[in-house]
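Notes follow once the structure below has been shown.
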Amino acid sequence: MKTKQTRRQFLKGIGLVAATGLAGAPHIAFAGTKKVVIVGGGTSGATAARYLKLADSSIQITLIEVNKTYYTCYSSNEVLGGNRDIKNIQYGYDGLIKMGIKVVIDRVTTINPENRRVTVSNGDTFDYDRCIVAPGISFKYDKIEGYDEKVAEDIPHAWKAGPQTITLRKQLVAMKDGGTVVIAAPPNPYRCPPAPYERASQIANYLTREKPKSKIIISDAKPLFSAQAHFFRGWKKLYGYDTDNSMIEWRGEAGVISVDAAERSMEDDFGDVLKPDVLNIIPAQQAGKIAFDVGLTNADGWCPVKLDTFESTLHENIHVIGDASLATGLSKSGYAASTEAKVCAAAIAALLNDKEPGSPSFVNTCFSIIGTDYGVSIAAVYRLAKDKSRIVKVAGGLTPLDATDEQHRREVAYAHSWLNNITADAFGL
Amino acid sequence: MANNKYIRAILLLLSAAIYLYQPAYSQDDSDTPPLLTNVSASMLANTCSGCHGPGGRSLGPATPTISGMSPTFFIKQMEGYKSGKLPSTIMKRIVDGYTSAEIKQMAEFFSKQPFIAAKGQQSDKKLIPIGKKLHKKYCEKCHSKGGQSVEDDTGILTGQWKRYLETSMQDYISGERIATKKMQHKIEVLMKKKGINGLRALIDYYARPLPKKQEG
Ligand SMILES: Cc1cc2nc3c(=O)[nH]c(=O)nc-3n(C[C@H](O)[C@H](O)[C@H](O)COP(=O)(O)OP(=O)(O)OC[C@H]3O[C@@H](n4cnc5c(N)ncnc54)[C@H](O)[C@@H]3O)c2cc1C
């Protein structure tokens, strides 16, 4: 019965299928199968794969990801705080494979927009009708003298979760009571604006518990930061902020300009040299490397896209989603990456079936867990301007500044739920 | 004491002042341009699943499952958040982004997704029969089928995340969330007669293991 259904009829019904999360949508064989290749299986790439399959199971989807295991950056700060095991933020691709998505573990080396072909490091090639590029970020190492990929193995950024998260955690554990931790926070724009401050909070949570004489200095490139009043309020309550005994010190406009790897020290914008026990350098950011190689980036290092389909304005048939894209109006976060992926998947399903893409809707949320029972969030809803020039916030905001202890406690539980749900939505059940 | 209060008030004022001087987290959209409308139900609803789970089926431990709800109850909750009558940590900030027509679209969408009971919840075997009795006596009238009814338009209790039920009950008891007069009365009597242990038994009853077929 299902084979008689036309694709159009089937697509009409997808609204239902799309969100049940159940496999078993009818498989229909068409002459000249539509092919989509997804580069990068992080939050946005995996979500796009899953939603594209749910929207039109006839599309042949290949997802290419360099790592067998994905570690979410979100909730990795809790790993640093000793409040979560790294195994709890680890995801694989079995859920996507089960849905009929082809997963290739390899590095994409080139994408040829002319003959629509993706090549991986072992030489295999994959042809596409449409390609989704979702590589996340890379670092502007050249902005910090003495810091590079190699040094980062020892003086980690831990801004991509995984081995460096473990290294930084180990260094914190090895530190003596009374030691100093320096977090060099990056200039805008970067992935997850509140995350450096959540990181400081999580480390303070750990140190308060186990090494209460220690200090944390945030050497910030910026004069102000995201949800600043909320962090200050939480730090006052939990970590003595604004007293002589504050565990956390925040220094604005004091970004890192150089690192001495042998000395394990850094120099800030004021010329002060800091030589802490644990050093965490978070460099300025740009789109993932493959986006540069393919010529998808603008002068600032991000990928301009049409905001209704996320198709690159520089190369046809290539879509860019997640942190790498220039989604004007949205900040770079996992939740944003996830909604961009859904908008892009719906648009591609329409385009491959000769239909007009529908109007998009976006949500963004960032939770920050400041203390064991103290969470805050920013949550907002966005629409696209009619002239498609920017994504516009239509509602939302931060946890109220007069929130009760109980509300902060609930936010932690909702943050933990969010991790479970957004990853199920990306990698499947 | 009075002194402390005074200091706290000043601190609050100070942090509010800092807040005012801080640029909004995302751009200020007081000059909202004309927006694209006619958003499909699935496009609207899929943006919720980051928090509520795929298709509205939450993996917990606290955010509620919203799949399989009756449209009437769904709309009641959403409009409650909007008007501020229903207290929330997050939903008020979200719901203002949707028109009543869009809320209706989403209500239809989620009502068609299967409700799947929360998996792996702890439930004390000894408390379940006690909870069952209390449910029959105090709650079944409006939450029929052992708390599994959709048609009652009162929310699905059995199979919902415990943490969310606890939160809801806490708010009803404190008076922060206003139940219907009758339910308020039942809760008062229940609490007076059985106290917190009675409530615990009720919640464990709603978290009871279900026969495979009813798990969805
Ligand atoms: C400490 C920290 C805390 C955070 N907390 C939150 C939070 O609370 N909430 C929130 O919403 N967001 C949070 N974020 C942000 C969130 O992690 C990112 O915004 C999100 O991961 C972006 O998704 P993405 O798909 O663009 O990139 P990623 O998730 O990084 O995925 C990119 C993938 O592409 C792969 N890849 C790259 N190049 C290639 C290639 N050439 N070939 C094959 N594969 C390739 C990579 O291996 C990677 O798996 C946080 C980030 C950090 C660092």
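Proteins get letters first, then strands, A, B, ... in listed order; numbering begins at 1 in each. In this text the structure is predicted, and so the values were computed from the model without any measurement.
Here the closest heavy-atom approach between residue A337(A) and residue T43(A) is recorded as CB-CG2, 4.4 Å. Closest approach of R390(A) and P33(B) over heavy atoms only: NH2-CD, 3.4 Å.
Looking only at heavy-atom pairs under 4.5 Å with chain A, the residue among G97(B), G50(B), A62(B) that has the most is G50(B). Counting heavy-atom pairs under 4.5 Å between each of S40(B), S58(B), A45(B) and chain A puts S58(B) at the top. Between chain B and the residues P360(A), G358(A), A380(A), G428(A), the most heavy-atom pairs under 4.5 angstrom are made by P360(A). Contact count versus chain A (heavy atoms, under 4.5 Å) is highest, among S49(B), C48(B), S88(B), A41(B), for S49(B). The candidate with the highest count of non-hydrogen atom pairs below 4.5 Å against chain B, out of E411(A), K342(A), Q407(A), R410(A), is R410(A).
Side-chain N/O atoms of H230(A) and Y197(A) include no donor and acceptor closer than 3.5 Å. S100(B) and E79(B) share a side-chain donor-acceptor pair at under 3.5 Å. Remark: the T158(B) side chain and the Q148(B) side chain contain no N/O donor-acceptor pair separated by less than 3.5 Å.
Atom NZ of K237(A) sits in a sparse spot, with 12 or fewer heavy atoms from other residues, nucleotides or ligands closer than 6.0 Å. Counting non-hydrogen atoms of neighbouring residues, nucleotides and ligands closer than 6.0 angstrom, the NZ atom of K222(A) exceeds 12 such neighbours.
Ring-centre distance between F231(A) and W250(A): not below the 6.0 Å cut-off. Between F367(A) and H416(A), the ring centre distance reaches or exceeds 6.0 Å.
For I94(B), the parts lying under 4.5 angstrom from a heavy atom of chain A are both the backbone and the side chain. In this structure, the portion of V381(A) lying under 4.5 Å from any heavy atom of chain B is its side chain and not its backbone. Contact of E102(B) with chain A is made through the side chain alone, with heavy-atom distances under 4.5 Å. Looking at Y414(A), the atoms closer than 4.5 Å to chain B (heavy atoms on both sides) sit in the backbone and in the side chain alike. For Y164(B), the part lying under 4.5 angstrom from a heavy atom of chain A is the side chain only. Heavy-atom distances place the side chain of A346(A), and not its backbone, under 4.5 Å from chain B. Heavy atoms of S377(A) lying under 4.5 Å from chain B belong to its backbone as well as its side chain. Heavy atoms closer than 4.5 Å to chain A are found nowhere in S67(B), neither backbone nor side chain. At a 4.5 Å heavy-atom cutoff, the contact between R163(B) and chain A is made by side-chain atoms alone.
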